[in-house]
Amino acid sequence: MKTTTTRLLDLKAAMALLLLLLYVAFSPPLVSGDPGRRVSMTLVRDAAALGAFCLDGSLPAYHLDRGFGAGSNNWLLQFEGGGWCNDIASCVDRAKTRRGSTRYMSKTVVFSGILSNNATQNPDFYNWNKVRLRYCDGASFAGDSQHGNGTSLLYFRGQRIWNAIILDLLPKGLAKAHKALLTGCSAGGLSTFLHCDNFTSYLPENASVKCMSDAGFFLDAIDVAANRTMRSFYKQLVSLQGIQKNLDPNCTHSFFPEPSLCFFPQYTLRFIETPFFILNSAYDVFQFHHGLVPPSADRTGRWNRCKLNVTACNLHQLDALQGFRKDMLEALMNFFRNSSRGGMFINSCFDHCQSALEETWLSPTSPRIHDKTIAETVGDWYFGRGEEEAKEIDCPYPCDKTCHNLIPASTSDFLVNLDI
C-alpha cells in the first residue's frame with residue numbers, strides 16, 4: 001500500500017510539473033489579478049531605419065502610460081522578461097510566439113505593482129510616466145547580429161531595439177526627465193544591469209537617474225550534477241546573438257578570455273556607476289529550476305515534488321537550496337558592504353519577480369523584511385529617506401512568516417506566481 005501511494009504521489013508530481021511547463025510555454029504576460037489600468041501598445045515606426053527588429057522581423061514596441069501632476073517630468077522604464085534563446089532552433093520557435101514577435105503580442109497590457117497609477121498601491125511612482133518595453137529579441141535587449149539560411153532570417157537586434165525605443169521616447173519628454181528609474185523583471189532584470197549606465201548617458205546631467213533589477217541577479221551557479229549549466233547557456237547565447245561587443249568593455253577586459261561571463265550580473269555589477277538596487281529572492285524559483293536543478297541534472301525526476309512544493313523537499317534538497325542562498329549572498333557581499341549608493345531587498349520567499357504585482361509590491365500580505373515592504377524599501381532608497389541604508393537581507397527559509405502567500409501550497413498557487 002505504501003509503494004502504491006508513493007507511486008501515485010510521484011505521478012501527481014510529474015503531471016503537475018508537465019502542467020507547469022505547458023503554462024510557462026503558453027502563458028500570457030504576467031498581470032495583476034485585479035482589473036487594473038490597461039495601456040495600449042505603441043509600435044516604434046522609425047525602428048526599421050535603425051535595423052531594429054524583433055526575431056521575426058516585426059517592429060519593436062512599448063506601452064506608455066503618461067505621468068501627471070508632480071510626476072509629469074519623471075520616468076520609469078520597465079524591461080519585460082521572458083527567458084532567452086541560445087540556438088537557432090529555439091530562436092526559430094520563439095520567433096513564432098509573443099516572445100519573438102510583436103505580431104503575437106496582446107495589444108494592451110495591465111499596469112500593476114510598480115507600474116500602477118494608484119497612489120495607494122504605488123505611492124512613490126504612481127504619477128510618473130511609466131513605460132513597459134516589450135521583449136522580442138531573446139537576449140535581454142543586448143544582441144546585434146542576424147542569421148539567414150536562404151529561406152528565413154532571424155534578427156538578433158536587441159541592442160538596436162533598446163536604442164530605437166529610447167530615441168522614440170526622448171522627444172516625448174524623456175529628454176527632459178527630472179527623475180528616472182530603469183527597472184525590469186527576470187531576463188528584463190538582467191537587461192537593467194546591462195543597460196543602466198547607457199540609460200544614464202541619454203538623460204540630462206542634473207537628472208536623478210537610478211536602476212533596479214527584479215529577479216535578474218542570475219548566478220554563475222554550479223548545479224546539483226556539478227555542472228555550470230547557466231554558464232554554458234550564456235556562452236552560447238552571447239556567441240549566437242553577437243552580444244560581446246555590447247557588454248561593458250571594462251568587464252570583458254577583466255574577464256578575458258571569457259568575456260561572456262560579463263553577461264552575469266555578479267561579474268558586471270562592480271563596473272556599473274549609476275546607483276543600483278537589487279531585488280531578488282535568495283531562493284529564486286527560475287534559478288532553482290534552471291540553474292540549481294536544471295532538467296539535465298535531474299533526469300530521474302527526484303526533484304519534481306520539491307520543485308512544486310518546497311515543503312516536500314527532503315533534508316538533502318533543503319541543504320542544496322541553502323547552499324544556493326549562501327552563494328548568492330557571497331556574490332552580493334562586496335556590493336552590500338561597499339556600495340554607498342546601492343540598495344537591496346533579498347528575501348527568502350520562493351518566488352520570481354516581485355515588483356510587477358500588487359500582491360508582492362505593496363499590499364497587506366506583501367513580503368516584508370524588518371517590517372518593511374518591497375515598495376517601501378525601494379522608495380526609501382530612491383528618495384534617500386531614512387538614516388540607514390536601504391539594504392535588507394532576509395533570514396534563511398523557513399523563518400520568514402510573511403512569505404505565506406508565495407510558497408506554493410498547491411500547483412495552482414505556484415502557477416499564478418511564476419513569470420519567466
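Numbering starts at 1 and runs along the sequence shown.
Using a 4.5 Å cut-off on side-chain heavy atoms (C-beta onward), Phe217 and Ile346 make no contact. For the pair Asn198 and Trp162, the minimum side-chain heavy-atom distance is below 4.5 Å. Looking at Arg231 and Glu258, their side chains never come closer than 4.5 Å, going by heavy atoms from C-beta outward. Side-chain contact between Pro396 and Gln322 is present, with heavy atoms from C-beta onward closer than 4.5 Å. Taking 4.5 Å as the limit, some side-chain heavy atom of Asp371 sits within range of a side-chain heavy atom of Arg368. Considering only heavy atoms from C-beta on, Cys262 stays 4.5 Å or farther from Phe271 through its side chain. Arg134 has its side chain within reach of Val109: a pair of non-hydrogen atoms, C-beta onward, lies under 4.5 Å apart. Leu169 has its side chain within reach of Leu77: a pair of non-hydrogen atoms, C-beta onward, lies under 4.5 Å apart.
At least one donor-acceptor pair closer than 3.5 Å links the side chain of Ser191 to the backbone N or O of Ser140. Between the side chain of Arg160 and the backbone N or O of Leu50, at least one donor-acceptor pair lies under 3.5 Å. Within the 3.5 Å criterion, the main-chain N or O of Tyr234 finds no donor-acceptor partner in the side chain of Ser260. A donor-acceptor contact shorter than 3.5 Å is absent between the side chain of His352 and the backbone of Ser186. A distance-only check finds no donor-acceptor pair linking the side chain of Trp303 to the backbone of Cys313 [under 3.5 Å]. Within the 3.5 Å criterion, the main-chain N or O of Glu359 finds a donor-acceptor partner in the side chain of Ser366. A donor-acceptor pair is defined here as one N or O able to donate and one able to accept, closer than 3.5 Å; such a pair exists between the side chain of Ser213 and the backbone of Gly189. Not a single donor-acceptor pair under 3.5 Å links the side chain of Asp223 to the backbone N or O of Ala297. Side-chain atoms of Asn129 come within 3.5 Å of backbone atoms of Gly67 as a donor-acceptor pair (strictly under, hydrogens ignored). A donor-acceptor distance shorter than 3.5 angstrom exists from the side chain of Thr192 to the backbone of Gly188, with no hydrogens or angles considered.
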>> Is there a side-chain contact (heavy atoms from CB on, under 4.5 Å) between Ser339 and Met344? Walk through the geometry before answering.
In response: CA-CA 10 Å; Ser339 174; Met344 62 168 58; over 6 Å; no
>> Pair Gln236, Asp87 - check side-chain contact (heavy atoms from CB on, under 4.5 Å), show working.
In response: CA-CA 7 Å; Gln236 294 170 2; Asp87 57 40; 5.5 Å; no
> Could you go step by step and tell me if Phe218 and Phe263 meet the ring-ring contact (aromatic ring centres under 6.0 Å, His included) rule?
Replying inline: CA-CA 9 Å; Phe218 292 95; Phe263 200 72; 8.9 Å; no
> Are Asp46 and Leu167 close enough, and set up right, to give a side-chain contact (heavy atoms from CB on, under 4.5 Å), and what steps lead you there?
Replying inline: CA-CA 9 Å; Asp46 293 336; Leu167 291 176; over 6 Å; no
> Given the rule in the side-chain hydrogen bond (donor to acceptor under 3.5 Å, both in side chains) test, do Thr229 and Ser232 qualify, once you have shown the distances and angles that lead to the verdict?
Replying inline: CA-CA 5 Å; Thr229 301; Ser232 297; over 6 Å; no
>> Assess the residue pair Arg38 and Lys107 against the criterion (side-chain contact (heavy atoms from CB on, under 4.5 Å)); give the C-alpha distance rounded to whole Å, side-chain angles, the decisive distance to 0.1 Å, and a yes or no.
In response: CA-CA 10 Å; Arg38 300 200 72 89; Lys107 301 306 183 274; over 6 Å; no
> Where do His178 and Asn74 land on the side-chain hydrogen bond (donor to acceptor under 3.5 Å, both in side chains) test, with the steps shown first?
Replying inline: CA-CA 6 Å; His178 294 174; Asn74 301 332; 4.9 Å; no
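Taking the six-membered ring where tryptophan is involved, the planes of Tyr155 and Phe53 are tilted, since the angle between them lies from 30° to 60°. Taking the six-membered ring where the residue is Trp, Phe141 and Phe79 present tilted rings, their angle falling between 30° and 60°. Note on ring orientation: taking the six-membered ring where Trp is involved, the planes of Tyr283 and Tyr397 are perpendicular (angle over 60°, cut-offs 30° and 60°). Between Phe125 and Trp361, the ring planes are tilted. Angles from 30° to 60° get that label. Ring orientation note: the planes of Phe286 and Trp84 are nearly perpendicular, at an angle over 60° on the 30°/60° scale.
Across all their heavy atoms, Leu59 and Leu43 have their closest contact at O-CD2, 3.8 Å. Counting all heavy atoms, side chain and backbone alike, Ala282 lies closest to Arg325 at CB-CG, 3.5 Å. Summarising the geometry of Glu358 relative to Ser363, their closest heavy-atom pair is O-CB, 3.5 Å, with the distance given to 0.1 Å. Across Gln287 and Leu219, no two heavy atoms sit closer than the pair OE1-N, 2.8 Å. Shown here for Leu76 and Thr183, the closest heavy-atom pair between the two residues is CD2-CG2, 3.8 Å. Summarising the geometry of Thr402 relative to Pro367, their closest heavy-atom pair is OG1-CA, 3.4 Å, with the distance given to 0.1 Å.
More than 12 heavy atoms of other residues, nucleotides or ligands sit less than 6.0 Å from atom NZ of Lys172. Residue Arg302 places its CZ atom among 12 or fewer non-hydrogen atoms of other residues, nucleotides or ligands, all under 6.0 Å distant.
Not less than 6.0 angstrom separates the ring centroid of Trp75 from the ring centroid of Tyr202. Between Phe193 and Phe276, the ring center distance clears the sub-6.0 Å criterion.
For the residue pair Thr274 and Thr200, a side-chain donor N or O sits within less than 3.5 Å of a side-chain acceptor on the partner. Side-chain contact, Asn118 with Ser116: no donor N or O sits under 3.5 Å from an acceptor N or O. When only modelled atom types and interatomic distance are considered, Asn347 and Gln354 share a side-chain donor-acceptor pair under 3.5 Å.
Between Arg157 and Asp137, none of the side-chain N atoms (NZ, or NE/NH1/NH2) sits under 4.0 Å from a carboxylate O, so this pair counts as no salt bridge. Using a 4.0 Å cut-off between charged side-chain N and carboxylate O, Asp124 and Lys179 make no salt bridge. We find that Lys96 and Asp56 are not joined by a salt bridge, their nearest charged nitrogen and carboxylate oxygen being 4.0 Å or further apart. One finds a salt bridge joining Lys372 and Asp380 here, because a Lys/Arg side-chain nitrogen approaches an Asp/Glu carboxylate oxygen to under 4.0 Å.
Shown are Cys85, Ser101, Cys136; of these, the side-chain contact (heavy atoms from CB on, under 4.5 Å) with Leu55 is made only by Cys85.
A cation-pi arrangement is present between Arg94 and Tyr135, with the terminal nitrogen or guanidinium carbon under 6.0 Å from the aromatic centre and inside a 45° cone about the axis.
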